[in-house]
K.L.:
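I have a structure I would like to understand better, so I am pasting it below and will then ask my questions one at a time.
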Amino acid sequence: MALKTDDRLLAPDRELGNPDWLEDPAITPVKLRPPHREGAQEHFAPTEGDFDVSRNKIVDKALRSRKFQFLLILPNQIVFWLVILSGLVGTVDPNINFGTAITWYLWFCIVFVMMVVVGRAWCAMCPFGGFAEWIQRRTFWKRKNSRPLTLGLKLPARWAGYGLEISVVAFLVLTWIEEYFGIAGPGNPRDTSLMVLGIVGSALIFFLVFERRTFCRYVCPLSSLIGSVGAAGTAAGFRTRDREVCLACKTKDCMRGGENGYGCPWYTWAGSADSNLLCGLCSECYKSCPSGNVGLFIQRPLKSVVAPVRRRYDVAWAVAILAGLVAYQQVNAFSWYAPIDNRFNRYIHEGLAIPTSITHYPDPIIYAGMITLGALFLAGLAWVVKGLAGDSRSALASGGPGAAVSVRGGGTALVTQARSTFRTWFAPIMYGLIPAVGMDYFSRQLPKFFQDIPALPLSILHPFGFHSKLLYHYSLMTNWGVVYAQLAVMAFGTLGSLIVMWRISKRDLEPIAARPAVARVASLLVVLGIGVTMAVMYVPMHAAH
Amino acid sequence: MTTLLSEDRIGALGIGSPHVTVNLERCAGCQECVIRCPVEALSMDVNSWKAAAEDALCVGCRQCTRTCPFGAIEVEGPTLVTERWHAETIRPTSLLGDITEVHPGFASMDEAVAEAERCLSCPDPTCVKGCPAHNDIPGFIASIRDRDLATAHETLRRTTVLPDICSRVCDWSKQCEGACTWKLAGTQPVAIGRLERFVADTESVPALQPRSALGQGMSVAIVGSGPAGIGAAWELISHGAKVTMLEKDSEPLGVLRWGIPSFSLPDRVIDRPVAQLKEAGLDLVTGTNVRPADVEKLLQVHDAVVLANGAPIPLSLRFPGADLKGVEDATTFLTRAKAALSKGASLPEVNAETRVLVVGAGNTAMDVARSVRRLGGQVIAVDWMDRRFARVRPDELVEAENEGVEIRFLTSVSKVEGNAAGQVTRALLVETRQRKPGDTPRILAGREENVQVDLVVAAMGYRNDSEFGSTIAPGTPWRASDHVDGLPDRRWMGSGVFANSGNGVGDLSWIREIALRRSTYPFSPKVWVAGDAMIGASTVVEAMAHGKRVAQAILADAARN
Ligand SMILES: Cc1cc2nc3c(=O)[nH]c(=O)nc-3n(C[C@H](O)[C@H](O)[C@H](O)COP(=O)(O)OP(=O)(O)OC[C@H]3O[C@@H](n4cnc5c(N)ncnc54)[C@H](O)[C@@H]3O)c2cc1C
Ligand code: SF4
Ligand code: SF4
Ligand code: SF4
């Protein structure tokens, strides 16, 4: 009788009393060293207490399906090509053009809600990366082994060392372009189309040049925001169920790719991820792990803000810069700020002899300058906290939970944790600000949502000849109503920040502080102060877009 | 181990030491590199849970770079290994009639041990995957370091029954040595082939020893006595089965006997396996040509049949004049040439004036051409492939050229012409072009040349005997993975054998592995196929490995029923 599978010959065959000659001779001489275990307990995904939703049979079936992500991407793909089309050929009235209405009134709000509530949910369904990935893999959903359509370069270590910072810069540039051309105003729908095409195009170029989702992890303008703010979300991401199984695993299919799934496109290992920062929720590791050792975990909100034992310095700076940006935008919405901005403009441009033709809001120098100042101000606050609380350790001995990991550079000397005591204070405090900053971004979207969303049905019907202006000026809330909503959201965010700062301080700051109580109070005051300031700014903004 | 260059030498050469960079942003702490570094230069930084490297221990083998799933580790700087053992090819003062073996072995145990010390005993040895039989290379090399050749034999015995033969005829550059971590790192691999030969030549290959009684009471017929048949017979007999081997020629061993010339494979070596098999009870029946209709009859007497009848049909010449006198195939020529040379004689039609045209420049063609030189003739070998993509052992090519063989790549024959007596006299050569390895070369119009020839030998390759039908049984899975076309075994991917191999040795090894795994499926109930009969013209070691694997499948099958 024929043997059913060659595995019966290759694996030691129990039925035959395991004669040694039935072992796979290519594998017998493999004598791997035992993996390092000391410390694994702390460094492997701390999923304790989280809920593994993939234990549910239906969820499991969905996640195992190769079509899972394809079906998430498809609707968005259709919508965004309609956005592009509608922007190019539809009405020029942005309020009722499908492209602008859906992008700026609905999509932006939903993305923010998703990132705060879930994490990288958008990344799982993103049509930009999704589109480029279909092309890169030459397939919509199948697991293929054919050569991917890409030069397959790796982002040079020097660049990768900047972590989220490239994405932060991309976000700043995109926001500047968007403000300069008034795209999200929204302005001419054609500009929205061009912007979306620009994003799809750059994603595609990156996918064709670099390996995997290098674009998503390092370059995508939204990645840093979703990644850092998403830490507040409830999706812990795909993580290891049993760390012992991973330690014993010699093939790492979840990273390299296995029979049923690709290797993690985000360069994340389910085994060691300690936050949801870099899990794109694509489910490839879930499919590829031959031991069924990956689960999809749901965590308490804010857990990924508090939990990481290795705080990333790049994330800390991302939070500081993103806070600087949103503060800049808020200040710009003040009615009294415009003349100041104009004065500034004139002054700088006369001084530097820059042609006045480009002295248009937002002035790039003021834009970059104010954001930098904002970020440095936050860094200064962390420095003050450190000064007040006093650092009880000698420099360079600053390991332990919560210490910042420098992601720059490489080589043995840098493998050690924080290189300066400042980082071990700055990083935890910036993580503490995440809920407030996240909610600040969310609040900024509320006026557009409440005031313009009623026009959305019109924009959908417009191409079909329905040109009523019935709901055109209808707003779901008055301006003051919007401001109250914004204040409520900010209060919620600030409360979140206070809670996480309390816990972070207890775990990460107090053990290294000479005056632990001062560390706690000072760090709490920082987040409270920032939260309140950002909230209060919404009052004079009076629901301005 | 003295793999490392001594510190003085590193200093004197000014080559510095390797430098390992871990891309901390990308390192996920999976330890794939840590568990595979041969010299424990990598460990984990417990605080950051990232790989940490100690440059002072690193030898620059770059195994870590190849195995890291995320490409997060890079190594710069030299490979710290001593120079590979090198011995000049033996060049007789006069080639005429000389059949001394051209490749010398190690002259002494010390020499062999010095080379053995270059081996890193890699935890995940890629060389083993490159070897079609998957010999435990670091294992037997370690025994050489211990000067314990009996144990080295024991280790080899688990996977090969032809260490003395394979270590002479294998193309190591595309097998074990091509996959050695040093080679993958861009430097000279360990001389694995020569070390294996040292074991087999210095301490004679031990006789067949019984290993189990799994095959007791079982009778198997093997058709063909080449490497595949020998591999199968050895395995079956050592597990207690009774084996009858049916060979069509008057002497056993097939290609090994008539084809591979004595200057590559001396006669004293080839008789050993069959002699030992006969001693252990093999029933060898020569002069018996088995036809497809006979297989049913064999099954009435035996419990299983192994078709190991090789790929005996030469690919025929397709140009005008191929039927002239003086045009023959490599099998016919080599059989005559080898017989004449071993008797110290020559062939009547070959003398110093004879111009021989060999069509093909693969391994068989080199054997033909070098035999012609030893018989005293002049020879041109033409091959329509580009030299870069030629299917020939690089060392053999160079040696043939050194022996005066004129080799023209990107050249084909468009016709041969003869005189009134029907004897070949002239060949029309044409130029070809081949841009990529897989491309079929194209003939370029207008670039022709006439050459005078007295003998044309076709050495373009062989195919299986189609009368036995397709050798792939219906329903036999072609691929190892049922889901993803061509996706290699996960353990193979983990070893890093597919990375950085400019010589494509990883992919080649994997293709061979698929064939090896496929050989475990019977062709039809109770009938298995092994070696060239299954996959077409291949190599001695592959055929032998198939034979062993088929025997294991037969034993497993019997044990199950
Ligand atoms: C000239 C030449 C040089 C080569 N050089 C090398 C080399 O240097 N290195 C290397 O690795 N490989 C080399 N090869 C390839 C290698 O020899 C073969 O791949 C290998 O011998 C195949 O082994 P096998 O047992 O499958 O078939 P074979 O060795 O061909 O053995 C088949 C046997 O079956 C017998 N047989 C055939 N039909 C019947 C039948 N109907 N009934 C009974 N018996 C039958 C044949 O007589 C033969 O003895 C060379 C091949 C040739 C032709
Ligand atoms: S393949 Fe599975 S067991 Fe192996 S490391 Fe990945 S998750 Fe762990
Ligand atoms: S190059 Fe080789 S020796 Fe050096 S760290 Fe990598 S695996 Fe170890
Ligand atoms: S790959 Fe080379 S160095 Fe490593 S075990 Fe094999 S022969 Fe030795």
Side-chain angles (χ1 to χ4, degrees), chain A residues 1-3 6 8-10 13 15-16 19 21-22 25-36 38-39 43 143-146 154 157 160-161 163 211 250-253 255-256 258-260 263 267-269 271-272 290 310 399-400 403 405-412 414-417, chain B residues 19 21-26 28-32 34-36 40 43-50 52-55 69-71 74 123-125 128-129 133-134 136-139 158-159 211-212 214 481 483-487 490-491 493-494 513 517 520-522 552-553 556-557 559-561:
Chain A
M1 194 186 297
L3 293 169
D6 44 8
R8 300 190 71 168
L9 272 170
L10 298 171
D13 196 319
E15 260 176 76
L16 295 180
W21 49 263
L22 282 181
I27 302 305
T28 313
V30 173
K31 296 186 178 69
L32 303 178
R33 296 188 192 292
H36 196 89
E38 183 207 336
H43 288 290
R143 167 73 171 107
K144 281 198 168 177
N145 186 43
S146 51
K154 296 193 173 65
E211 244 195 4
K250 306 283 183 276
T251 51
K252 305 289 187 287
D253 303 48
M255 306 170 86
R256 286 197 183 92
E259 289 235 318
N260 300 314
Y267 297 109
T268 296
W269 182 34
S272 63
R310 291 156 285 158
V405 177
S406 160
V407 294
R408 304 253 168 108
T412 16
L414 302 182
V415 176
T416 45
Q417 294 229 334
Chain B
H19 173 56
T21 312
V22 178
N23 177 349
L24 298 176
E25 204 272 343
R26 191 77 62 67
C30 72
Q31 306 203 50
E32 288 288 277
V34 175
I35 60 177
R36 289 188 173 85
E40 292 184 85
S43 58
M44 291 301 285
D45 178 84
V46 189
N47 283 330
S48 60
W49 203 250
K50 310 263 172 197
E54 203 167 326
D55 282 355
F70 288 164
E74 268 167 49
D124 196 348
V128 173
K129 300 197 169 59
H134 306 315
D136 180 353
I137 294 163
R158 292 208 292 267
T159 44
R211 291 179 59 194
S212 84
L214 264 173
S481 157
H483 307 287
V484 192
D485 214 358
L487 187 75
R490 321 156 27 221
R491 295 164 300 183
M493 288 198 276
E513 176 67 11
R517 293 185 181 190
T520 57
Y521 292 87
Q552 292 168 358
D557 193 32
R560 252 186 265 286
N561 293 305

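It should be emphasised that the depicted structure is a prediction, and the values quoted were computed from it without experimental measurement. Below, read A as the first sequence line, B as the second, and so on, with proteins coming before strands; counting in each chain starts at 1.
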K.L.:
Look at B:K129, B:M44, B:R26 and state which one has the largest set of heavy-atom pairs under 4.5 Å with chain A.
P.N.:
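Among the listed options, the one with the most contacts to chain A is B:R26.
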
K.L.:
Given that the side chain runs from C-beta out, which part of B:V34 has a heavy atom under 4.5 Å from chain A: side chain, backbone, both or neither?
P.N.:
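Contact with chain A is through the backbone of B:V34 alone.
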
K.L.:
Report the option among B:G71, B:C30, B:G139, B:G29 that has the most heavy-atom pairs separated by less than 4.5 Å from atoms of chain A.
P.N.:
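Option with the top pair count is B:C30.
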
K.L.:
Would you find more than 12 non-hydrogen atoms of other residues, nucleotides or ligands less than 6.0 Å from B:E74 atom CD?
P.N.:
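It does not: B:E74 CD has 12 such atoms or fewer within range.
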
K.L.:
Find the one option among B:P123, B:S43, B:G494 whose heavy-atom pairs under 4.5 Å with chain A are most numerous.
P.N.:
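Option with the greatest count: B:P123.
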
K.L.:
Between the side chain of A:S272 and the main-chain N/O of B:A28, is any donor-acceptor distance below 3.5 Å?
P.N.:
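At least one qualifying donor-acceptor pair exists.
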
K.L.:
Between the side chains of A:Y267 and B:E25, is a donor N or O closer than 3.5 angstrom to an acceptor N or O?
P.N.:
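The criterion, which ignores hydrogens and geometry beyond distance, is not satisfied for B:E25 and A:Y267.
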
K.L.:
In terms of heavy-atom proximity below 4.5 Å to chain B, should A:L32 be classed as side chain, backbone, both, or neither?
P.N.:
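Interface part for A:L32: both.
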
K.L.:
Supply the atom-to-atom distance B:M493 CE to A:K252 NZ, rounded to the nearest 0.5 angstrom.
P.N.:
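Rounded to the nearest 0.5 Å, the CE-NZ separation comes to 13.5 Å.
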
K.L.:
Would you say the side-chain atoms of A:R143 pair up with the backbone N or O of A:G258, donor to acceptor, closer than 3.5 Å?
P.N.:
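Indeed, once roles are kept as given, a pair shorter than 3.5 Å links the two residues.
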
